[in-house]
Number of protein chains: 2
Amino acid sequence: MKKDGSRAKLDFERPLVTVDLAIFCVLEETLKVLLVQRPRVADEPFPGEWALPGGFIDVAIDASLEACALRKLREKTGVKAPYLEQLASWGDAERDPRGWSATHAYFALIDATRPEARLEESNAAQWMAAGAPITRRMAFDHARILATALARLRGKVEYTSLPAFLLPEPFTLPQLQRTYEIVLGRPLDKSAFRKRMLDAGFLGEAGPIDGALGRAAMGYRVLDRTGPVTFPRMFKTAE
Amino acid sequence: MKKDGSRAKLDFERPLVTVDLAIFCVLEETLKVLLVQRPRVADEPFPGEWALPGGFIDVAIDASLEACALRKLREKTGVKAPYLEQLASWGDAERDPRGWSATHAYFALIDATRPEARLEESNAAQWMAAGAPITRRMAFDHARILATALARLRGKVEYTSLPAFLLPEPFTLPQLQRTYEIVLGRPLDKSAFRKRMLDAGFLGEAGPIDGALGRAAMGYRVLDRTGPVTFPRMFKTAE
DNA sequence: TCAATAGTGTCTATTAGACAATATACT
DNA sequence: AGTATATTGTCTAATAGACACTATTGA
């Protein structure tokens with residue numbers, strides 16, 4: 001009796017569970033996000049449309065949600081140690097025509113040097129400008145997920161060192177400043193930027209780096225790659 | 001054939017899906033969190049131990065994850081319009097002995113005036129000091145979830161108006177400052193605090209309020225209860 | 001008048017931002 | 001030298017924090 005009674009709870013209909021990824025990089029002076037094309041086969045929802053990379057949890061091989069996200073990221077880009085952060089989760093009866101589903105969305109920042117080669121192999125995956133019109137017409141509720149990821153990234157860039165994870169190491173302060181400016185969409189003062197970055201103490205010198213032109217710049221590495229540092233203030237807001 | 005092939009994906013073993021809540025309030029000059037006692041019946045894991053309120057999604061009645069969280073909050077406290085924010089999700093094969101499970105954790109801030117009465121009805125639910133020893137020995141991985149919720153709350157209090165959601169309206173600036181101090185665990189300067197709050201422009205005057213003693217204070221209401229405002233700086237950190 | 005609390009004013013140290021000046025590299 | 005970029009220095013306006021002062025209420 002009791003066994004049947006408690007079993008009853010577990011016999012509830014279980015939602016579908018997926019993991020989706022918003023993977024960002026800076027390529028060609030633009031913030032880009034990795035999109036994949038939905039397969040054009042019968043019974044697959046949204047055939048041919050663009051979507052965030054992701055899919056069902058495989059309880060047999062995924063030890064955890066984060067392990068699942070890392071697996072999917074590795075499969076798509078070959079990158080093993082990105083900056084990976086949980087974004088949010090969405091779940092309701094409507095977002096997937098196959099049934100009540102919940103997705104755990106992550107966002108990852110990677111540098112653009114390695115994944116480019118990986119993408120040549122497959123034409124079903126592509127780096128898209130993160131603000132492009134196509135990213136507002138996507139499969140499932142992925143447009144909403146991407147918009148949330150973008151908002152989170154842009155918000156955090158105002159007061160954290162997140163953009164450091166978009167660059168290959170070692171990088172220079174001018175490169176880092178350029179990355180900030182690309183994500184924020186506005187220019188920053190050089191002197192104030194340097195003071196802020198160096199005072200935050202998250203960078204370690206890694207020897208000078210020769211650019212193509214002009215004076216060589218100091219290279220830096222992120223001292224602790226487990227996460228960004230938080231600055232005591234936001235950047236000055238435009239007036 | 002194709003139907004069988006695509007069905008195969010949906011025949012994957014589905015994880016258990018739950019929603020858990022860290023509900024905070026300030027009671028007796030202390031930050032408290034609502035805990036419930038696990039039922040002492042056979043086949044229920046962690047019998048008699050303390051846990052965050054929550055449970056399985058019911059795909060028949062819960063339109064979405066957030067609706068599920070609001071339902072559980074209403075059932076426990078009777079509060080209908082709290083401040084509710086998604087915290088994070090955790091999923092792996094170990095956290096629930098009944099199988100691979102994923103939980104969507106939310107945290108809610110409510111004022112302590114209404115829920116107190118509700119709690120008298122049931123002795124299986126209790127407001128616990130959020131930093132108390134008992135909150136480090138909880139069912140499932142709830143100690144970790146609670147620790148994350150606490151860290152998120154304390155972190156956000158440094159640069160947002162979140163504590164306003166812990167007070168019944170209208171409230172006074174001294175009351176709001178006291179709430180900040182309770183959550184942060186350190187005193188704040190009165191003048192700087194007032195300037196910050198009023199300059200942020202999220203408060204609307206609601207007539208003076210008589211205290212038990214001394215000069216009456218202006219009452220305020222939060223103008224936009226959909227979310228907190230972000231201050232341009234953090235509070236000064238202790239040195 | 002006193003006690004208690006609310007609210008304001010003043011001063012100062014800090015600092016972000018603007019921008020000028022200097023340093024270093026290559027041609 | 002000249003050009004291009006990196007890095008540092010100087011000045012200023014804004015402001016958070018410290019703390020003293022004033023205002024208002026009730027006993």
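Each chain gets a letter, A, B and so on, in the order the sequences are listed, and its residues count up from 1.
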Is the closest side-chain heavy-atom distance between [X] and [Y] below 4.5 Å?
X        : Y        : result
A:Tyr159 : A:Thr230 : yes
B:Leu146 : B:Phe24  : yes
B:Met197 : B:Tyr180 : yes
A:Val79  : A:Leu73  : yes

Next on the checklist: With no hydrogens and no angle check, just 3.5 Å: does a side-chain donor-acceptor pair link A:Thr113 and A:Asp111?
Outcome noted: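 Checked: A:Thr113/A:Asp111 side chains pair up, N/O donor to acceptor below 3.5 Å.
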Next on the checklist: Does this structure show an ion pair linking A:Glu169 with A:Arg225, if we count only N-O contacts that are shorter than 4.0 Å?
Outcome noted: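 Yes, this pair counts.
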Next on the checklist: Between the side chains of B:Asp141 and B:Arg144, is the shortest nitrogen-to-carboxylate-oxygen separation below 4.0 Å, so that they form an ion pair?
Outcome noted: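 Looking at B:Asp141 together with B:Arg144, the answer is yes, because their closest N to O distance falls below 4.0 Å.
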Item to check | Those residues of residues 189-212 of chain B lying under 4.0 Å from DNA chain C by at least one heavy atom | outcome: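 B:Lys190, B:Ser191, B:Arg194 - these, ordered by number, are the residues of the stretch whose heavy atoms sit under 4.0 Å from the strand.
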Checklist entry - Looking at residues 168-182 of chain A, who's got a heavy atom less than 4.0 Å off DNA chain C? => result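 None, since no heavy atom is under 4.0 Å.
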Item to check | Residue list, salt bridge (charged side-chain N to carboxylate O under 4.0 Å, His left out) with A:Glu49, at least two apart or on another chain | outcome: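 Once residues adjacent in sequence are excluded, A:Glu49 has no partner under the salt bridge (charged side-chain N to carboxylate O under 4.0 Å, His left out) criterion.
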Could you tell me how far apart [X] ([atom1]) and [N] ([atom2]) are, to the nearest whole angstrom?
X        : N      : atom1 : atom2 : answer
B:Met234 : C:dT14 : CE    : C1'   : 17 Å
A:Leu188 : D:dA6  : CG    : P     : 15 Å
B:Arg233 : D:dA14 : CZ    : C1'   : 8 Å
A:Glu158 : C:dA16 : CD    : C1'   : 14 Å
A:Phe231 : C:dT14 : CZ    : C1'   : 18 Å

Checklist entry - Closer to the 5' end of DNA chain C via nearest nucleotide, is it B:Met218 or A:Ala216? => result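 The 5'-side residue here is B:Met218.
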Checklist entry - Side chain of B:Arg215, base of C:dA6: donor and acceptor closer than 3.5 Å? => result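 By the distance-only test, yes, there is a pair.
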